[in-house]
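Residue numbering restarts at 1 for every chain, and letters A, B, ... go by the order of the sequence lines. All figures in this text were calculated on a predicted structure; none of them were measured in a lab.
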Number of protein chains: 2
Amino acid sequence: MKEIYLANDTSFGCPVEATTSLIGKKWVPSILMILNQKPHRFGELQTALSGCSKKVLKQQLNLLITNGLISNSKVTIANMVESTYQLTTTGESLMPIVLAMKTWGKQHLICQRKLA
Amino acid sequence: MKEIYLANDTSFGCPVEATTSLIGKKWVPSILMILNQKPHRFGELQTALSGCSKKVLKQQLNLLITNGLISNSKVTIANMVESTYQLTTTGESLMPIVLAMKTWGKQHLICQRKLA
DNA sequence: TAAATTAGGTACTTTTTAGTTACCACCTGG
DNA sequence: CCAGGTGGTAACTAAAAAGTACCTAATTTA
């Protein structure tokens, strides 16, 4: 259970690194952008992020929960366990940055898929 | 020489991922912030980023050059080779995002150095 | 000529992150 | 009781990123 944490004993040299250690995870930006639309269930996220394994998805969701960017509510309605993930206020506060990164990427990196 | 490239055959699912593949590197944000102050020589960067090995520093500088965020000019003055790195216009255009990440990190992650 | 400085390169190892596969627990309808 | 869906865990493997140690080359000064 140690891989889900943002930081262990190693402190970050600067706050950007701390932020990067969150959004630098492979699926985190995508997760955030999906949850920015509306809360999603685990299965829905899995479908939306085809290519991301259950394990990694859960791992990165845990990372986001641990750092207060998203929250999880489990409701055992009639038939099934509904496990829903949604952005917290803190998570929402990160969205402008994520979206700025998206815009920047669109403008500057579009043609760099196959270098060398 | 293949690890210095932003992308190989794998295309990114979304532009945020492309941006992340740049600033998600451990020392890249710090390098950018240092170069945002003024151009630096290789040795100066090394001193400023104590903890970053030569190899990784060079690797990440190359990554930034390949993607047009910084440029390198070598001048062989009287005594020594001066190899100077500076931000390009594109590199400068990324700074607002990096600085926003820094601000966000300061506000939200300051006390999360030792979780669990 | 030898030492020191500056900017690199290369081989190898370790650490971190991601992916695969298989499994468990809970609940429900038949 | 059994199949099927939902959410999750554990063990293991693979790939990517970072770190270590040692090497080259040009030049300048003692």
Report task. Calculate the interatomic distance between A/N72 atom CG and D/dG7 atom C1'; express it in whole Å. Result -> 10 Å
Using residues 41-53 of chain B as the side-chain source, report each donor-acceptor pair under 3.5 Å to any protein atom, sequence neighbours left out, with the distance given to one decimal.
unit_1 : atom_1 : unit_2 : atom_2 : d
B/E44  : OE1    : B/R41  : N      : 2.7
B/T47  : OG1    : B/G43  : O      : 2.9
B/S53  : OG     : B/V56  : N      : 3.3

Report summary line: In whole angstroms, the gap separating P of C/dT17 from CD of A/Q60 amounts to 10 Å
Requested in this report: Could you check how far CD1 of B/I65 sits from C1' of C/dG8, rounded to whole Å?
Outcome: 12 Å
Report task. Can you sort out the partners of B/S30 under side chain to side chain donor-acceptor pair (under 3.5 Å), two or more places apart, ordered by chain and number? Result -> A/E17
Query raised in the report: Separation of A/K55 atom NZ from C/dT17 atom C1', in whole Å?
Result: 8 Å
Requested in this report: Take atom NZ of A/K54 and atom C1' of C/dA22, then tell me their distance rounded to the nearest Å.
Outcome: 10 Å
Report task. Please confirm whether the backbone N or O of B/V75 pairs with a side-chain atom of B/E82, one donor and one acceptor, at under 3.5 Å? Result -> no
Query raised in the report: Can a side chain N or O of B/Q59 be found less than 4.0 Å away from OP1 or OP2 on D/dG19?
Result: no
Query raised in the report: When you measure from the side chain of B/K25, which nucleotide among C/dA7, D/dA17, D/dG19 comes out closest?
Result: D/dA17
Query raised in the report: What's the CG-P distance between B/L63 and D/dA18, to the nearest Å?
Result: 10 Å
Requested in this report: Give a yes/no on whether any side-chain N or O of A/Y85 is located under 4.0 angstrom from OP1 or OP2 of D/dG7.
Outcome: no
Query raised in the report: Any idea which of D/dG8, C/dG8, C/dA18 is nearest the B/K74 side chain?
Result: C/dG8
Report task. Report yes or no: is there a donor-acceptor pair, N or O only, under 3.5 Å between the side chain of B/K58 and the base of C/dG8? Result -> no
Query - Whole-Å gap separating C1' (C/dG8) and CG (B/L57) - result: 11 Å
Query raised in the report: Between C/dT16 and B/K26, is there an OP1 or OP2 to side-chain N/O distance shorter than 4.0 Å?
Result: no
Query raised in the report: Where along residues 39-53 of chain A does a heavy atom fall under 4.0 Å from DNA chain C?
Result: A/S53
Query raised in the report: Is any side-chain nitrogen or oxygen of A/S83 closer than 4.0 Å to OP1 or OP2 of D/dG8?
Result: yes
**Report entry** Partners meeting side chain to side chain donor-acceptor pair (under 3.5 Å) with B/S83 (sequence neighbours left out)
**Finding:** B/N72
Query raised in the report: Donor-acceptor pair, A/N67 side chain versus A/L63 backbone, under 3.5 Å?
Result: yes
Report task. Would you list the pairs meeting side-chain hydrogen bond (donor to acceptor under 3.5 Å, both in side chains) in which at least one residue belongs to residues 91-102 of chain A, sequence neighbours left out? Result -> A/S93-B/W104
Query raised in the report: Rounded to the Å, how far apart are B/E17 CD and C/dT17 P?
Result: 16 Å
Report summary line: Taken in chain and number order and not counting sequence neighbours, the residues that satisfy side chain to side chain donor-acceptor pair (under 3.5 Å) with B/S71 are B/Q86
